[in-house]
Asks: 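Can you read through this structure? Questions will come right after.
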Number of protein chains: 2
Amino acid sequence: MIRRMSRARERGIPDATVARLPLYLRALNGLSERSTATVSSEDLALAAGVNSAKLRKDLSHLGSYGTRGVGYDVQYLIYQISRELGLTQDWAVAIVGVGNLGRALANYGGFVSRGFRVAALLDADTAVVGEHLVGMAVDHIDQLEEVINQRGVSIVVIATPASAAQQVADRVIAAGITSILNFAPVVLNVPDGVDVRKVDLSTELQILAFHEQRKAERETGSPMMADDWAEAMDA
Amino acid sequence: MIRRMSRARERGIPDATVARLPLYLRALNGLSERSTATVSSEDLALAAGVNSAKLRKDLSHLGSYGTRGVGYDVQYLIYQISRELGLTQDWAVAIVGVGNLGRALANYGGFVSRGFRVAALLDADTAVVGEHLVGMAVDHIDQLEEVINQRGVSIVVIATPASAAQQVADRVIAAGITSILNFAPVVLNVPDGVDVRKVDLSTELQILAFHEQRKAERETGSPMMADDWAEAMDA
DNA sequence: GGCTGTGAACAGCTTCACAGCT
DNA sequence: AGCTGTGAAGCTGTTCACAGCC
């Protein structure tokens, strides 16, 4: 029986597209809650805050899931994007570092909702170990490898101080982890094949400050030429 | 007196470059702590985790601050990048939403260190209002506009639930704010001229999940063809 | 000799504009 | 008529490779 592949599925979705899929998914979930059955690229793009041509091109990388003259079926598209992102299975996540940030992450609702499950909390501070959070005891960092293996953790979130981050990364990578979300303000050194994504508050603030400064300069016309290096360094 | 501008300073630094300057700054501060006087593009690039040609091109957008045959003066470069990013002045930041995340942000050390100062904490919950955090009382959200004006706030961090974020954004923009760092998982609708940067935990996790899934597929060879849509939707 | 700064080639992403399907 | 999917054009960002300066 000659059975063409229904869709010549292109492997290799552009990174820029992958980075936007979560955005589309969220917009679609919003539409879904309001019981919208189908949506045009124009409307979905508006909800996601992107240009509609870009949206269509992005979606075309996943396959031909729209209907010309009509638009996209909301439920179907939610499913296809979820599947592409790997959210139809669920991922066990370990959070290392249960300080303020670690707690915030553990309590973060959107976490559990879609495909992710906090499967472990770990900390080096014995005052924190044993404490219960979101119905889970905090384990000691000594158990790191054991916990990862036993609970099938595949994504590790590093929410430790900067000084501990590299060491934690080394250990989890040795334990077989290849996906890390790093909140510590350091550049992690990792071997090829390990994906690290970085969330960095102070970087974001600095980028905002840059643009804010530019706006101020534009208004006053003064480029704030404090070019006297020696003087400035006295401060 | 004929006084040529010391450097024909190019306006319009590429966004990609601006986004990396904080990274370089951090690497430089590390070198500075270890009392390194000068550094080559090769070494600095290594510390920052980028390619050295890219580093040189990035720095060349700020001016000609290196010395051929030698490298860059660490202190001088720190100063120039800081100035370009607007970190030689300090920015008053307001944090709206004092939940777990807001607390984590308020306590975040790197915050204060370089150019940023938490000048206000605001929340809608009267149980939280009045509480003291990092030596500062939490104000009620009703005072939002007043606090922004009185304390010279120029950057607002939104750490509220998703449902409140747009409303907060509208109010701070009306009060004159043009730089927002948004942690709430929604697309904020803002007028032109307002910069919004977004930090989104679940987006980052979803991107990691995508790559993790790809790795798994590559190993097993199975593309996990759960193409039966109806069946999958039963779940 | 060593290292920066940069033109030129290249790669990737975005936007346009429209052919083609419903 | 309406809307998707996509070639083609344009733009932005990256990398190469080397001229130019120390």
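Values below: every heavy atom of this structure, side chains too, minus hydrogens, waters and symmetry copies. Per chain, numbering begins at 1; letters A, B, ... match sequence-line order.
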Asks: Tell me: CG of B/Leu59 to P of C/dT6, nearest whole Å?
Replies: 12 Å
Asks: What verdict does the side chain to side chain contact (heavy atoms under 4.5 Å, CB included) test give for A/Val157 and A/Val118, after you've listed the backbone C-alpha separation in whole Å, the side-chain angles of each residue and the deciding distance to 0.1 Å?
Replies: CA-CA 10 Å; A/Val157 176; A/Val118 181; over 6 Å; no
Asks: Which one, D/dT6, C/dT14, C/dG5, comes nearest to the side chain of B/Ser64?
Replies: C/dG5
Asks: Rounding to a whole Å, what distance do you find between A/Asp15:CG and D/dT14:P?
Replies: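 So the two atoms are 13 Å apart, to the nearest Å.
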Asks: Assess whether a salt bridge exists between B/Glu42 and B/Arg56, defined as any Lys/Arg side-chain N lying under 4.0 Å from an Asp/Glu carboxylate O.
Replies: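 Salt bridge between B/Glu42 and B/Arg56, a charged N being under 4.0 Å from a carboxylate O: no.
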Asks: Grab the CG-P distance between A/Asp58 and D/dT6 for me, whole Å please.
Replies: 13 Å
Asks: Nucleotide by nucleotide, 5' to 3', does protein get under 4.0 Å of the base (B), only the sugar-phosphate (S), or neither (-) in nucleotides 15-22 of chain C, counting heavy atoms?
Replies: BBB-BBBS
Asks: Taking only the side-chain nitrogens and oxygens of B/Tyr72, find out if one of them lies under 4.0 Å from OP1 or OP2 of D/dC22.
Replies: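 For D/dC22, neither OP1 nor OP2 has a side-chain N or O of B/Tyr72 closer than 4.0 Å.
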Asks: Without decimals, in angstroms, what is the distance between B/Leu55 CG and D/dG13 P?
Replies: 17 Å
Asks: Rounded to the nearest angstrom, tell me the gap between atom CZ in B/Arg20 and atom P in D/dG13.
Replies: 9 Å
Asks: Sequence neighbours excluded, which residues qualify as side chain to side chain donor-acceptor pair (under 3.5 Å) partners of A/Thr203?
Replies: A/Asp200
Asks: Nearest of D/dT6, D/dG13, D/dT4 to any side-chain atom of A/Ser60?
Replies: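 Of all the options, the side chain of A/Ser60 is nearest to D/dT6.
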Asks: Could you tell me how far apart B/His61 (NE2) and D/dT12 (P) are, to the nearest whole angstrom?
Replies: 12 Å
Asks: Show me the donor-acceptor pairs within less than 3.5 Å that the side chains of residues 173-193 of chain B make with the rest of the protein, sequence neighbours left out.
Replies:
| unit_1 | atom_1 | unit_2 | atom_2 | d |
| --- | --- | --- | --- | --- |
| B/Thr178 | OG1 | A/Glu212 | OE1 | 3.0 |
| B/Thr178 | OG1 | A/Lys215 | NZ | 2.9 |
| B/Ser179 | OG | A/Glu212 | OE1 | 2.4 |
| B/Ser179 | OG | A/Lys215 | NZ | 3.4 |
| B/Asn182 | OD1 | B/Ala184 | N | 2.9 |
| B/Asn182 | ND2 | B/Ala184 | O | 3.1 |
| B/Asn182 | ND2 | B/Val186 | O | 3.3 |

Asks: For the side chain of B/Ser82 and the backbone of B/Ile78, is there at least one donor-acceptor N/O pair under 3.5 Å apart?
Replies: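 Such a contact is found between B/Ser82 side chain and B/Ile78 backbone.
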Asks: For B/Leu44 and C/dG5, what is the distance between atoms CG and C1' respectively, to the nearest whole Å?
Replies: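 The answer, rounded to whole Å, is 15 Å.
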Asks: How many angstroms lie between CZ in B/Arg26 and CG in B/Leu31, if you round to the nearest 0.5 Å?
Replies: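 The CG atom of B/Leu31 is 13.5 Å from CZ of B/Arg26, to the nearest 0.5 Å.
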Asks: Does D/dC3 have its OP1 or OP2 closer than 4.0 Å to a side-chain nitrogen or oxygen of A/Ser40?
Replies: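 Answer is no, no contact under 4.0 Å.
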Asks: Could you check, using the six-membered ring where one of them is a Trp, whether B/Tyr76 and B/Tyr65 have ring centers closer than 6.0 angstrom?
Replies: yes
Asks: Please report, rounded to the nearest Å, how far the P atom of C/dT4 is from the CD atom of B/Gln80.
Replies: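 After rounding, the gap between these two atoms is 17 Å.
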